[in-house]
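Notes to accompany the following structure.
Scope of the values below: all heavy atoms of this structure, side chains included, with no hydrogens, waters or symmetry mates. First the proteins, then the strands, lettered A, B, ... as listed; each starts at 1.
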Amino acid sequence: MYQAPRGAVDILPGEQPYWRYVEQQAVDICQLYGYGRIDTPVFESTGLFARSIGEETDIVSKEMYSFEDKSGNRLTLRPEGTAPVCRAYIEHGMHNQAQPVKLYYLTPIFRYERPQAGRYRQHYQFGYEAIGDNDPVLDAEVIEMAWRFYEKLGLKNLKLLLNSTGCKKCRPGYLKSLKNYYKEHADDLCKDCRVRLEKNPLRLLDCKRTQCQPLAAAAPGSANNLCPDCEEHFKSLKSYLDLLGLPFSVEHRLVRGLDYYTRTVFEIQPQTGGAQSTIGGGGRYDDLIEELGGKPTPAIGFATGIERIILSLQKQKVAIPPTPMPQAYIASLGEKAGDKAVRLASKLRQDGISALLASGARSLKAQLRQADKLGIRYAVIIGDEELAQGKVMLRDMTTAKQETVAEAELPAKLLY
RNA sequence: GUGAGUGUAGCCCAGUGGUCUAAGGCGCCAGGUUGUGGCCCUGGAGAUCGAGGGUUCAAAUCCCUCCACUCACCCCA
């Protein structure tokens, strides 16, 4: 028997209301903040991701779905959303548009990982990017937009974590002091952290092992080792966040897994427990466009996992708008009535009234039982008597009252 | 890639070597008189007990291998 591939799931009709709800709120907030939708291909040249995300990152080194097509091109299923948008920005000469260019996407993401709660091999991300401006007011706006989005969805107990990782001028110095600090305490580190010390010192900061906690807590923070420009940018951002009334906490241990981030990084977490505490995050990537072959162009973006949002909505028992059911169930008895039912269902639908036509030649009892189970309010019943009168029976399933009405009256009755 | 837990009908699950030709609940289908739902009653369909191998006179139950799912780690949305 075939099963969905590991880490990939079917989104069944019963779960669709959550998806449609989240997607609608995403589209709405983007409209509100002036972002235009962009859809990029699900696969791109492997090099695009390797160059942007960083060869040494876990995503590139072990999580990409890469393949070669029949002409030998190395392609990869999109493992994140920002690089393709930057590629499109460059490819279509968007630097000629009014800056910053604001784009959003809602798309599947692929990463070869072991699935667990809130983590899938194919998952969906909603993300947006503001490209072409380094004003910290834009950082604040991007963060605010994410915050309002979650608020609007109905999520409670949100936490905003903020940090600044500096730029290519100040980061090398910071990394050096971080390494020096850790080298002095190398004996107290867990074995994973000893590897990190060499490979990816920033990751030392968010080790989850208890033995490394005190060290990480007392480690030098990037936000305290910024160059004057970055310092000023960060300070300004914080004042804008205050201005907007967004409660943030500066986390000097906040680091993100992609290499392209500069200056501002942030994450938002609903305090709902579980291992996947972060539902969305983002930051600045002022060097990425240039890195990918464009002109030097500052930018900032954000992305959030739809599955994690839905998990949080469910944990917090947020009420979701239900999917509307058909208004009418068309039941019939006998062949002639059946023909009339077919025509009537078609007519109602053409009039914009959703209708479900009974199928399978079942008893009236069975037909009504189905209407009831599906939660359809009105049953239209057609039998020999109705046929003889040239009318139909309209039954309100919620009150169990029914009346004989002319077919022409039906639309008005069904629309209340 | 690592660790732990779990795998019995669509779903929840009973069953720890013979009485299992596998129980129950939900759901599904049908009936409870002639054209009427929701409650109740009755009946029915639906399971190679995750797969393969082994031990045994006998295995859903014990052993091995594999697979899948779940949770956690690494890492990330």
Side-chain angles (χ1 to χ4, degrees), chain A residues 1-7 9 12 14 22 53-54 56-63 78-82 105-127 146 150 190-193 195-196 199-200 202-203 206-209 255-258 267-270 273-282 301-312 329 331-334 337 358 360 362-388 393-402:
Chain A
M1 196 171 78
Y2 288 110
Q3 287 176 280
R6 170 171 251 194
V9 298
L12 302 173
V22 174
I53 300 168
E56 293 303 312
T57 60
D58 277 27
I59 293 179
V60 172
S61 65
K62 59 183 200 190
E63 295 177 2
R78 170 175 49 218
E80 68 104 31
T82 299
Y105 56 83
L106 201 49
T107 187
I109 300 287
F110 305 87
R111 289 183 202 163
Y112 185 84
E113 304 178 270
R114 280 290 277 278
Q116 67 185 75
R119 169 182 292 159
Y120 308 91
R121 288 185 173 177
Q122 175 178 340
H123 72 274
Y124 288 78
Q125 284 187 15
F126 159 50
Y150 293 133
C190 70
K191 65 178 188 338
D192 288 335
C193 277
V195 178
R196 290 186 183 110
K199 256 184 73 181
N200 195 350
L202 276 180
R203 295 241 72 87
D206 69 345
C207 181
K208 283 172 188 162
R209 287 183 187 270
V255 292
R256 312 217 70 234
L258 294 79
E267 287 186 2
I268 296 177
Q269 311 180 338
Q276 266 62 46
S277 50
T278 297
I279 54 173
F302 167 81
T304 181
I306 308 292
E307 290 83 353
R308 289 190 184 176
I309 291 174
I310 291 173
L311 243 35
S312 296
Y329 183 95
S332 63
L333 286 154
R362 327 150 176 243
S363 66
L364 182 60
K365 185 193 186 90
Q367 294 180 64
L368 289 177
R369 189 162 45 218
Q370 190 184 27
D372 179 57
K373 264 177 203 138
L374 295 174
I376 297 173
R377 170 139 189 212
Y378 292 103
V380 176
I381 302 164
I382 306 167
D384 291 339
E385 288 171 29
E386 288 75 19
L387 233 38
M393 183 70 80
L394 177 63
R395 180 178 179 83
D396 184 335
M397 301 295 280
T398 57
T399 60
K401 289 192 177 128
Q402 57 185 33

Could you please name the option among B/A30, B/A77, B/C74 that lies closest to any side-chain atom of A/R369? B/A30
Would one find a side-chain N or O of A/K365 under 4.0 angstrom from OP1 or OP2 of B/G37? yes
Mate of B/C66 across any strand shown (Watson-Crick or G-U wobble, both atom pairs under 3.5 Å) is B/G50
Report the base-pairing partner of B/A60 (Watson-Crick or G-U wobble, both distances below 3.5 angstrom), or none. none
So, does the side chain of A/Q402 form a donor-acceptor pair with the base of B/U36 at under 3.5 Å? yes
Could you identify the nucleotide paired to B/G37, looking across every strand shown and requiring Watson-Crick or G-U wobble geometry with both distances under 3.5 Å? none
Between the protein and nucleotides 70-73 of chain B, list the N/O to N/O atom pairs that are separated by less than 3.5 angstrom.
residue	atom	partner	partner atom	Å
B/C71	OP2	A/A117	N	3.0
B/A72	OP1	A/A275	N	3.3
B/A72	OP2	A/Q116	NE2	3.1
B/A72	OP2	A/A117	N	3.4
B/A72	N7	A/Q116	OE1	3.4
B/C73	OP2	A/Q116	NE2	3.4

Length of the line joining A/N200:CG and B/C75:P, which is rounded to integer Å: 8 Å
For B/G10, the nucleotide meeting Watson-Crick or G-U wobble distances (both under 3.5 Å) is B/C26
Please check the phosphate of B/C29 (OP1 and OP2 only) for any side-chain N or O of A/K373 closer than 4.0 Å. yes
Assess A/R121 against A/Y112: is NZ or CZ under 6.0 Å from the centre of the six-membered ring, and within 45 degrees of the ring's axis? yes
How long is the line joining CG of A/L368 and P of B/G35, in whole Å? 13 Å
Is B/G1 paired to anything, Watson-Crick or G-U wobble with both distances less than 3.5 Å, and if yes, which nucleotide? B/C73
